[in-house]
Amino acid sequence: MKLDKSKKNCVFCKIISGEFPSTQIYQDESVIAFLDINPINPGHTLVVPREHSARLESLNPEIGGQMFKVGQQISLALLKSKISCEGINLHLSDGEVAGQEVGHTHLHIIPRFFQDGFGFKTRQGSVQASREELNKLADLIEANL
Ligand code: AMP
Ligand code: ZN
């Protein structure tokens, strides 16, 4: 399904305005955090900028910084809490191909515990890259920084 980037249809904007319900655990002037409705593990949280930006390219970097800062704070709270949490994955899907379903940038805070059955799936047979290949790729990225 095509990613809907519009503010008009945005579920997270509707949560921020109070039109849709949510279970919030944090708010400040630039971001809010609420529990994911379809958690990978209990305590799975989303940190969401108040300002609508569909993808990373339009996210204000300062707000992105605050999103990560709050993500770190919530991670530490989860680790200290009674929720099963021995580690954390911070995850952001940018673009449909990366699994983004909601067209409003957000950071996932995913509590992890031993044998919880979750993991990133990698391609079978991936091999270690050569230094030459890594250097070529580095040039391609650096040219656009
Ligand atoms: P992503 O695939 O990175 O776009 O993640 C979207 C996330 O938003 C999913 O994990 C959904 O479960 C979650 N989500 C969608 N609608 C709601 C909602 N109304 N309240 C809380 N979480 C939601
Ligand atoms: Zn939005």
Side-chain angles (χ1 to χ4, degrees), residues 1-129 133-134 137-145:
M1 213 176 70
K2 187 147 173 39
L3 181 68
D4 187 343
K5 294 183 180 177
S6 72
K7 183 173 162 59
K8 186 168 71 76
N9 298 328
C10 179
V11 176
F12 290 175
C13 281
K14 290 186 197 310
I15 285 177
I16 289 159
S17 71
E19 190 182 335
F20 284 2
S22 65
T23 301
Q24 298 189 16
I25 58 168
Y26 179 90
Q27 307 86 14
D28 66 27
E29 64 286 349
S30 55
V31 305
I32 69 165
F34 51 86
L35 298 185
D36 197 297
I37 197 80
N38 189 17
I40 286 170
N41 281 324
H44 180 171
T45 300
L46 303 173
V47 186
V48 181
R50 288 185 185 275
E51 192 178 277
H52 181 86
S53 73
R55 291 196 48 181
L56 273 182
E57 62 182 0
S58 52
L59 175 68
N60 173 332
E62 288 199 358
I63 293 179
Q66 179 64 5
M67 183 171 73
F68 187 86
K69 197 173 161 188
V70 170
Q72 182 183 21
Q73 202 181 335
I74 292 169
S75 299
L76 300 181
L78 280 163
L79 285 163
K80 278 199 274 174
S81 76
K82 291 197 167 137
I83 293 171
S84 282
C85 182
E86 297 156 11
I88 310 270
N89 280 123
L90 298 187
H91 175 79
L92 189 152
S93 304
D94 183 59
E96 230 174 310
V97 77
Q100 185 178 4
E101 288 174 354
V102 175
H104 181 132
T105 322
H106 54 280
L107 182 65
H108 292 258
I109 316 297
I110 306 169
R112 300 297 309 274
F113 53 88
F114 185 58
Q115 291 185 334
D116 62 11
F118 178 65
F120 289 106
K121 203 170 69 188
T122 56
R123 193 166 11 98
Q124 285 290 312
S126 59
V127 288
Q128 191 173 336
E133 178 66 6
L134 293 177
L137 292 165
D139 286 344
L140 293 174
I141 299 166
E142 279 172 11
N144 290 285
L145 280 176

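Here, residue 1 is the first one in the sequence, and each next residue gets the next number. Counting convention: from 1, in listed order, for ligands and their atoms alike.
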Practice task
Indicate yes or no: does an N/O atom of L46 lie under 3.5 Å from an N/O atom of ligand 1?
Solution key: no

Exercise for the section: Using distance alone, with no hydrogens and no angle criterion, decide if N60 and E51 have a side-chain donor and acceptor under 3.5 Å apart. Expected result: no

Completion exercise
In H52, the N/O/S atom nearest the Zn ion (ligand 2) carries the name ND1

Practice task
Could you list the atoms of ligand 1 found under 4.0 angstrom from a heavy atom of S93?
Solution key: 3 (O)

Handout entry: Heavy-atom pair of closest approach, residues K14 and S17
Key = O-OG, 3.1 Å

Fill in the blank from the handout: Candidates V11, L3, I40; heavy atom nearest atom 16 (N) of ligand 1 found on V11

Handout entry: From the candidates H44, H91, H108, E96, the one that places a heavy atom nearest atom 3 (O) of ligand 1
Key = H108

Fill in the blank from the handout: Residue, atom and distance of the protein heavy atom nearest atom 14 (N) of ligand 1 read I37 CG2, 3.8 Å

Fill in the blank from the handout: The answer for which part of F20 has a heavy atom under 4.0 Å from ligand 1 is neither

Problem - Donor-acceptor pair, side chain of E86 and main chain of F114, under 3.5 angstrom - result: yes

Practice task
For residues L3 and R55, report the shortest heavy-atom separation together with the two atoms involved.
Solution key: CD2-CD, 4.3 Å

Exercise for the section: Output yes when the distance from some N or O of ligand 1 to some N or O of Q100 is under 3.5 Å, and no in every other case. Expected result: no

Problem - Whether D116 side chain and F113 backbone form a donor-acceptor pair below 3.5 Å - result: yes

Practice task
Look only at interatomic distance and state if G99 has a nitrogen or oxygen under 3.5 Å from any nitrogen or oxygen of ligand 1.
Solution key: yes

Practice task
For ligand 1, find out whether one of its N or O atoms is nearer than 3.5 Å to an N or O atom of H106.
Solution key: yes

Problem - Atoms in ligand 1 flagged as close to F12, the criterion being non-hydrogen separation under 4.0 Å - result: 8 (O)

Practice task
Among all protein heavy atoms, pick out the one at the shortest distance from atom 4 (O) of ligand 1; state its residue, atom name and that distance to 0.1 Å.
Solution key: E101 N, 2.7 Å

Practice task
Report yes or no: does H52 contribute a side-chain atom to a donor-acceptor pair with the main-chain N or O of F12 at less than 3.5 Å?
Solution key: no

Completion exercise
atom 11 (C) of ligand 1 sits nearest the protein heavy atom D36 OD1, 3.4 Å

Fill in the blank from the handout: Closest non-hydrogen contact found for V102 with H106 is O-CE1, 3.7 Å

Handout entry: Proximal ligand 1 atoms for L35, defined as those under 4.0 Å from one of its heavy atoms
Key = 21 (C)

Exercise for the section: Examine the proximity of ligand 1 to I15 and report which part, side chain or backbone, both or neither, has a heavy atom under 4.0 Å away. Expected result: side chain

Handout entry: Main-chain N/O of A54 paired with Q100 side-chain donor or acceptor, under 3.5 Å
Key = yes

Exercise for the section: Apply the test side-chain contact (heavy atoms from CB on, under 4.5 Å) to residues Q27 and R50: give CA-CA distance (whole Å), side-chain angles for both, the deciding distance (0.1 Å), then the verdict. Expected result: CA-CA 9 Å; Q27 307 86 14; R50 288 185 185 275; 3.6 Å; yes

Fill in the blank from the handout: ang(ND1 H104, the Zn ion (ligand 2), SG C10) rounded to 10° is 100°

Exercise for the section: Ignoring hydrogens and angles, tell me if any N or O in the side chain of N41 forms a donor-acceptor pair with the backbone of P111 under 3.5 Å. Expected result: yes

